[in-house]
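Note sheet for the following structure.
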Amino acid sequence: MKKTIYSLFLLYGTFVFSQEAKTDTAEVSTTKEIQEVILKSQRKKQFADKAVYTFDKEALEKARYAKDLLKTLPELQLDPVGNTIKSTKGGTVLFLINGIEATDLQIRSVAPNEVVKVEYYDIPPARWATRADTVVNILTRSTETGYVFGTEVFSALNTGFVNGSAYVNYTKGKNDFGLEYSINLRNYNDRRVNSIYDYKLGGKHYRSDENRKDHFGYTYQNIVLRYTRQVPDKYAFQAKLNMDIFSRFSRGVGESIFSEDASGEAHSMFKNNGSNYVIPKLDLYYSKKIGEKDELSINVVGSHYTTNTSETAKEWITASGLSVYDNDMVLEAKQTSIVGELAHTHDFKAGKLSSGYRISRSSISNDLNNLAGYSQYSVNYLEQYFYTEFSGKIDQFSYRLGAGLTNIHNKSAETTFDEWTFTPKVVLGYQLKNNQTVRFTGSYTPVSPQSNALSSNVVQLAPNIVQRGNPFLASQQVFSNNLTYSFNNKYFDFNAGLFYRYTDRVINQYYVQDDVLGGYALTYENGKSGQKYGVQLTGSYKPFGNSLLVIKAVITPTSETIRTSKEAVIKNNYLGNYFVLSSEYKKFSVQYDFNIPTYSLSGAFLNTNENEHDIFVNYKHKNWTFYTGMYWIGMPSEYKTKSLPESLVDYRVHTQIMNNKSMFVLGLSYDFSKGKKTEIQRKLNNVTAPAATF
C-alpha cells in the first residue's frame, strides 16, 4: 500500500514539473481556441483522446436543434426506440453542454446556430472514465437573456407505445431557470416466451418445456427542476432537483410439458412480477476561479428512496391441480446514496493538470420474504477514487498520462470486501497527416459487482431450479488496451481499431448444485479470468460528399474466453454489426437501420443482442416537425439465450414481443427559442447508484 501511494505522488510530481512546449488539453476549450475553430471552419480535428467537430452552414440550416447535429457524427446515431442519441459501438454515452452534464431535452433546447463545436471523447478523461464509455461535449456561444420551450410526442397507433416530453428554459442576466418532463410508456399484451430446462438430477433425466404468454409494460417519468447562477471568470453555482418515477409489471400464464425420464405430464402456471420506485436526487455544484490558471470545483449528489419488488409464480399439474412449486417473493429495499467530488485544474505552458477525489456510498436496507423465509439485512457499497492526469502535446505527438488509486469497500450480509488498487492510464497519439492519426490507450481498472449479483435473495425459476446472488463476490480487475487508426476526408470518416481486454477475477454466472433447496441454483462466482480481443471498424461514408446519402457501419469480429474457477475454458466468436442509411433533402429526412443479431458471452449463457430493422421519415415546417415510421419491419422484436455445453443445466429461451412487429408510429414536435440561455462550464458530473432490484 505504501509503495502504491509513493508511486502516485511521484507521478503527480512528474506531471507538475513537465515543461513541454505546446498544449492539447482534455478540458473545455478556451475562448481563443473557439474563435480559431470558427475562423478555420474545420470539419474534424483528431487528438489523442478526442475528435473535435464543427458544422458547415448547410448542416446548421437543416438541423432543428443540437440533437440533429449529433446524429451527423460518424459514431453516433438516433436510437429509434428511445428517441435518444446512442453510440453505434454500444456502451454508455455521457452528454455535456459546456462541460455540464445534459439531458436529451437540454440538447434539444440548444439552437443549431448556437453550437460552436462538439468534442467527442472516445477515451473519456479521468473524472468521467468510471461513468461512461463515450463523452460528448457540446460547446455553445456566449449567453444572453432569452427563453426556449418545446414539446414532442411519438406514439404507435395499435399498441401501448408512447414517448412524450416537454421543456422550458428562461435566462435573465446571470440566472437561468429550467424545467423538464419526459415519459416513456410501454404496455404490451402479447409477449411470447418459450423456455426449456434440461438436466440430470439424482440419476434421473428431467426436462421442462414451457410456453408462456405475458402482458407486460412499464412507465418511466423524469422531472428536472434546475437553477443556475454564473458570474463569468469568477464562479458558477447550480442546484438541480431530479425526480425519477418508475413502475413495471408482468403478468403471464402458460403451459409446460414436464418430463422425468420417459414419462411426461402437462403442467399449468402463472408468473407475475413488478417493481416501482420514486427517486428524488439533489445535485449541488459550485466552481470557483482562483487566478488565471486554477479552478476548484465541488459536486455533491444525494438521494433517498424505497424500491418495492414482488414476484408470484405458481406451477401445478394440470389434471390433478397438485402444486409443483409456489414462489412468493416480496422485497422492500430502502436505499440512501451520496456522491461527493472535489477537483482542481491548473494550466501549464505544457498542458493541463487535473486532479481530484471522489467518494460514493450506497446503503441498502432490505426487508425480504422469499423461499428461504423472512429476513432483514443491510448491504453497503463504498468506493473512493483519487486521480490525477496531465495532458499535453509536442509537435505531432499528443499524450495524456493518468494515475489513480481506487478503494472498493463492499459490506454484504455475510462478509466484507475491502481492496485498494492502483489505476494507471496512458493515452498516446501521433498525427501522421492532417487527416490521419494513430492512437494507443492502456488502462487498469477495478469493477465492483452489481447489487443484484451480491444479493442474498432467492427466487424460483422452474421445477428444481432457483436463482441466487453471491454476497462473497470480489471486484473484477480489468486491463484494457486499444490501438486505433483514424482517417477522414470529405467522403470518409473512418476508425480501425485493435482491442484486447483481460479481466482478472471475472464475474461469471453459472449453475451449481443447490444444497439448501435441492436441485440447481443459478448464481455468481469469481472465475479465474476472462479475455476479449478483436478488430472494430467504425465510421461513415458520404458518396456525394454531403448529407444526401450517408452510410454508417460498425463491424466487430470478436473472440472472447472465460476461464471458470474450476479451470473450465469457455470460448465464443462472433461478428458484431450495425448499419444505418440516412438521407436529407431540403426539409425531408429519412433513416433506415438494421443489424444481424449475434450471440455473445454472458456468464453461463450466450445472449443475442436486440434485432433492429426500422425506417423513419420526418418533415420540418418552421418550428414544427412531423414524423412517421415503422419499427421491426416484418418481424417482432426478439431475444434468444442458450446455455453453454459446460453448463450443468441445458437452458434455452426465445422471447418475442408480437406487439412490436411492423409497429407503425406517428409523431410531432414543436420547438421555439428566443435569445440564448446560460450554460456553465461545469467540471464535475456525478450520479448516485441505480435502484437495487433482484
Would you say the side chains of Asn194 and Asn211 form a donor-acceptor pair under 3.5 Å?
yes

Is there a side-chain contact between Gln477 and Tyr444, using heavy atoms and a 4.5 Å cut-off?
yes

Side chains of His654 and Tyr639: is there a donor and an acceptor less than 3.5 Å apart?
no

Is it the case that over 12 heavy atoms from other parts of the model lie below 6.0 angstrom from the NZ atom of Lys86?
yes

Locate the shortest heavy-atom distance separating Val554 from Gln536; write the atom from each residue and the value.
CG1-NE2, 4.3 Å

What pairs of residues pass the salt bridge (charged side-chain N to carboxylate O under 4.0 Å, His left out) test when at least one of them lies in residues 361-370, not counting sequence neighbours?
none

Can you confirm whether Tyr627 is buried at OH, in the sense that more than 12 heavy atoms of other residues, nucleotides or ligands lie under 6.0 Å from that atom?
yes

Testing the 3.5 Å rule here: is there a donor-acceptor pair between the side chains of Thr103 and Glu180?
yes

In terms of the angle between their ring planes, are Phe154 and Tyr631 parallel, tilted or perpendicular, with boundaries placed at 30° and 60°?
perpendicular

When Thr307, Thr306, Ile364 are each screened for side-chain contact (heavy atoms from CB on, under 4.5 Å) with Lys334, the one that passes is Thr306

Residues, nucleotides or ligands: over 12 heavy atoms within 6.0 Å of Gln450 CD:
no

Tell me, yes or no, whether the heavy-atom count around Lys411 atom NZ, taken from other residues, nucleotides or ligands under 6.0 Å, exceeds 12.
no

Straight-line distance of Ile183 CD1 to Ile245 CD1, nearest 0.5 Å
9.0 Å

So, Asn659 versus Asn189: side-chain donor-acceptor pair below 3.5 Å or not?
yes

Determine, step by step, whether Asn242 and Asp283 satisfy the side-chain hydrogen bond (donor to acceptor under 3.5 Å, both in side chains) criterion, reporting the C-alpha distance in whole Å, the side-chain angles of both residues, the deciding distance to 0.1 Å, and the verdict.
CA-CA 8 Å; Asn242 185 93; Asp283 184 342; over 6 Å; no

Please report whether the ring centroid of Tyr502 lies less than 6.0 Å from that of Phe479.
no

Which residue, Val459, Asn369, Thr312, forms the side-chain contact (heavy atoms from CB on, under 4.5 Å) with Met329?
Val459

Is there a donor-acceptor contact under 3.5 Å linking the side chains of Ser275 and Arg248?
yes

Please determine whether side-chain hydrogen bond (donor to acceptor under 3.5 Å, both in side chains) holds for the pair Ser247 and Thr219, giving the CA-CA distance in whole Å, both sets of side-chain angles, and the decisive distance to 0.1 Å.
CA-CA 6 Å; Ser247 64; Thr219 302; 4.6 Å; no

Could you check whether Tyr220 and Tyr218 have their ring centres less than 6.0 Å apart?
no

Quick one: NZ on Lys640 to CG on Asn611, what's the gap to the nearest 0.5 Å?
9.0 Å

Look up atom CG in Asn573 and atom OH in Tyr599, then write down how far apart they are to the nearest 0.5 Å.
15.5 Å

Can you establish whether the number of heavy atoms outside Arg501 located under 6.0 Å from its atom CZ is more than 12?
no

From OH (Tyr651) to NZ (Lys642), nearest 0.5 Å
14.0 Å

Roughly how far, to the nearest 0.5 Å, is OG of Ser412 from OH of Tyr381?
8.0 Å

Say whether, by atom type as modelled, one donor and one acceptor occur between the side chain of Ser310 and the main chain of Val330 under 3.5 angstrom.
no

Please test Tyr199 against Asn464 for side-chain hydrogen bond (donor to acceptor under 3.5 Å, both in side chains), starting from the C-alpha separation and ending with a verdict.
CA-CA 10 Å; Tyr199 53 92; Asn464 302 319; 2.9 Å; yes

Test salt bridge (charged side-chain N to carboxylate O under 4.0 Å, His left out) applied to Asp133 and Lys89, step by step:
CA-CA 10 Å; Asp133 303 288; Lys89 300 185 297 184; over 6 Å; no

Could you label the plane-to-plane angle of the His215 and Phe249 rings as parallel, tilted or perpendicular, counting under 30° as parallel and over 60° as perpendicular?
perpendicular

Which atom names give the shortest non-hydrogen contact between Ile408 and Pro446, and what distance separates them?
CD1-CB, 3.8 Å

